[in-house]
Amino acid sequence: MNCAGSEKSFLSFINTFDLDKYDATLLLAKRSGPFLSMLPDKLKVIELAKYGDHFLQSGANAKSNILNTFIKKNPFSAFKVYPYYREIIKAGDDKDKVSSLATKLWIELCRSYLPELKEKYDIAVAYWGDRTMFYMLDKIKADKYITWMHFDYAHPKRDDSIYLPYFEKCDSIVNVSATVDDALKASLPSVSGKCVVIENIQSEALIRKMAEEEAEFPDPEYCGLRILSVARIAYQKGLDLGIRALKILREKGIDARWYVIGDGDEELKSQLISLSKEYGVENDFVFMGTRSNPYPYIKKCDIFALPSRFEGKPISVEEAKILCKPIVVCDYLSANEQLGGGKYGMVSPFDENELAEKLYFLSKKENSDAYVKVLSESSFSNESEIDKFIELIENDEGDR
């Protein structure tokens, strides 16, 4: 339960779900994280018996993760790993092939070593992403399977031969936006009949209440333009573009600082710090680390920015809309849908000059005030989305 978009989305989902009517269990790879204490008391929480670190594997930590999680504990697992590593080395710079092989290796290790749950369930839901879907379908016994899609299936490119058999085993595939839904159906039309759109749930009242809590930026005396991103430190989030755009914005005479709330890839963070030094903005591109409650910072910033290369439907943008912040994002899959075709914010191509121009436009009070007015007159609460999920789980289930 770390401070990230899918985890935050799940918190809103489970706090809207009727735990008096339904008996629900949450399986965590690791029973930890700042959001753990925010789970409702009536939710039963269990932890994977072993190998939970397998869910934290990434391109940056794969070798050490597999070594420490599997090979040191079970040396014979090296015989399963070696053929995949040999093929990955042979694939060289073919990123698509490397990604496919890495996914196949993850599934192989999951099937071979991760523990099954003994209990059988009426319904199993893979909420976090594709790895939870793989685990759910290979290791959990249930009458019905539902998987959640928070990401753009087409970006980065995925191996259909891996994903299609898993999607076919699911009874329902939940996509968090119409554009995410369209992207999956375009890539895998045979699963279209299983797809349903259920947006990430957000409560306006709760977000606004939490935004009232006390919080200070690390430089409370600063009086310039505050730009804020709430994002994992990951290639996907395009923070390198933010650094380049910030340099251009300052060259245009705007006194601005860009703040990032979130943790992630430490190696990438070091690279971003080096890039900020190279561009002369090391004092103005500020990494703030994780905040369990980012809403006071969103409320106090001047512009909310998310320069992502690809996304599904990021919940942080919905939160910025609720808190009536001028918004600029890059043109990820659902960007125009999410910002109402420009009504609720600005969409930039993934280009530092274009992004800087949008930020420059919003730095003018009359322009940002126009967006604030539209946002303040709109409602973005969607707690009724839970009814779509209830319909899914009760369909053909009688009085269960």
Side-chain angles (χ1 to χ4, degrees), residues 53-71 77-114 126 128-135 137-138 147 149-169 173 179-180 182-191 231-241 244 264-272 274-275 307-312 330-333 349-352:
D53 284 332
H54 193 42
F55 286 89
L56 303 177
Q57 187 174 306
S58 67
N61 71 11
K63 290 182 180 179
S64 61
N65 184 287
I66 291 172
L67 176 65
N68 294 320
T69 304
F70 296 102
I71 296 176
S77 64
F79 291 102
K80 290 188 179 292
V81 173
Y82 175 72
Y84 291 95
Y85 266 106
R86 183 183 61 200
E87 292 302 312
I88 287 171
I89 291 169
K90 285 168 62 177
D93 295 331
D94 187 341
K95 292 182 180 180
D96 293 340
K97 189 170 184 179
V98 169
S99 175
S100 175
L101 288 164
T103 302
K104 288 178 180 178
L105 173 57
W106 195 96
I107 292 171
E108 174 69 29
L109 292 170
C110 174
R111 287 175 174 171
S112 300
Y113 298 106
L114 268 64
W128 185 62
D130 48 4
R131 290 178 181 176
T132 50
M133 177 179 70
F134 301 147
Y135 177 83
L137 291 166
D138 285 337
T147 193
M149 287 280 289
H150 294 275
F151 54 86
D152 175 3
Y153 179 79
H155 296 93
K157 183 175 173 57
R158 291 170 170 84
D159 186 337
D160 294 345
S161 69
I162 298 173
Y163 283 80
L164 182 56
Y166 280 96
F167 284 134
E168 288 176 336
K169 292 177 186 176
I173 302 167
T179 44
V180 169
D182 290 342
L184 179 61
K185 290 176 179 177
S187 296
L188 301 174
S190 64
V191 303
R232 284 180 297 109
I233 299 172
Y235 170 78
Q236 169 193 353
K237 300 299 180 179
L239 296 174
D240 54 310
L241 189 77
R244 295 182 176 94
D265 187 331
E266 287 298 319
E267 182 179 346
L268 177 59
K269 181 179 177 179
S270 296
Q271 293 171 5
L272 291 169
S274 296
L275 184 65
S308 293
R309 289 178 164 86
F310 47 87
E311 291 279 0
C330 283
D331 194 12
Y332 51 79
L333 179 68
F350 195 81
D351 176 87
E352 59 260 41

Examine distances only and state if a side-chain atom of [X] and a backbone atom of [Y] form a donor-acceptor pair shorter than 3.5 Å.
| X | Y | value |
| --- | --- | --- |
| Asp94 | Ala91 | no |
| Ser100 | Asp96 | no |
| Thr132 | Gly129 | yes |

Contacts under 3.5 angstrom, residues 82-89 side chains, donor-acceptor by atom type, not counting sequence neighbours:
{"unit_1": "Glu87", "atom_1": "OE2", "unit_2": "Lys90", "atom_2": "NZ", "d": "3.4"}

To check you understand the geometry: which heavy-atom pair defines the closest contact between [X] and [Y], and what is its length?
| X | Y | result |
| --- | --- | --- |
| Lys104 | Ile162 | CG-CD1, 3.6 Å |
| Val81 | Leu105 | CA-CD1, 4.1 Å |
| Arg232 | Gln236 | NH2-OE1, 3.0 Å |
| Pro165 | Ser161 | CD-O, 3.3 Å |

Worksheet item: Quick one: do the Asp138 and Tyr166 side chains pair a donor with an acceptor below 3.5 Å?
Response: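 Side-chain D/A pair, Asp138 to Tyr166: present.
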Discussion item. Is a donor from one side chain sitting under 3.5 angstrom from an acceptor on the other, for Ser308 and Glu311?
Written reply: yes
Worksheet item: Do the rings of Tyr235 and Phe310 sit parallel, tilted or perpendicular, given the 30° and 60° boundaries?
Response: tilted
Worksheet item: Which word best sums up how the rings of Trp106 and Phe55 line up, parallel for under 30°, tilted for 30 to 60°, or perpendicular for over 60°?
Response: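 Ring orientation, 0 to 90° scale: perpendicular.
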Could you measure the distance from the [atom1] atom of [X] to the [atom2] atom of [Y]? Nearest 0.5 Å is fine.
| X | Y | atom1 | atom2 | result |
| --- | --- | --- | --- | --- |
| Asn61 | Leu56 | CG | CG | 7.5 Å |
| Ile71 | Phe79 | CD1 | CZ | 10.5 Å |
| Leu275 | Ser270 | CG | OG | 12.5 Å |
| Ile173 | Met133 | CD1 | CE | 7.5 Å |
| Leu109 | Arg111 | CG | CZ | 11.5 Å |
| Met149 | Asp130 | CE | CG | 8.0 Å |

Fill in: CA sep, side-chain torsions, deciding dist, call: Cys330, Leu241, side-chain contact (heavy atoms from CB on, under 4.5 Å)
CA-CA 10 Å; Cys330 283; Leu241 189 77; 3.6 Å; yes
Heavy-atom check, side chain of [X] versus side chain of [Y], under 4.5 Å:
| X | Y | result |
| --- | --- | --- |
| Lys95 | Val98 | no |
| Asp159 | Ser99 | no |
| Arg131 | Gln57 | yes |
| Val180 | Phe151 | no |
| Asn65 | Asp53 | yes |
| Tyr135 | Trp128 | no |
| Pro307 | Lys237 | no |

Item to complete: For side-chain hydrogen bond (donor to acceptor under 3.5 Å, both in side chains), just list the numbers for Asp182 and Tyr153, CA-CA rounded to whole Å, side-chain angles, deciding distance to a tenth of an Å, and then say yes or no.
Response: CA-CA 10 Å; Asp182 290 342; Tyr153 179 79; over 6 Å; no
Discussion item. Using the salt bridge (charged side-chain N to carboxylate O under 4.0 Å, His left out) criterion, which residues pair with Arg244? Sequence neighbours excluded.
Written reply: Asp240
Can you tell me if [atom1] on [X] sees more than 12 non-hydrogen neighbours from other groups inside 6.0 Å?
| X | atom1 | result |
| --- | --- | --- |
| Glu267 | CD | no |
| Lys185 | NZ | yes |
| Lys63 | NZ | no |

Worksheet entry | Centroid-centroid under 6.0 Å between Tyr113 and His54 rings | no
Worksheet entry | side-chain hydrogen bond (donor to acceptor under 3.5 Å, both in side chains) partners of Ser112, counting only residues at least two apart |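 In terms of side-chain hydrogen bond (donor to acceptor under 3.5 Å, both in side chains), with neighbours along the sequence ignored, Ser112 is linked to Glu108.
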Discussion item. Does the structure place the NZ or CZ of Arg309 under 6.0 Å from the centre of the six-membered ring of Tyr332, at an angle of no more than 45° from the ring's axis?
Written reply: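 Relative to the ring axis of Tyr332, which defines the angle, Arg309 lies outside at least one limit.
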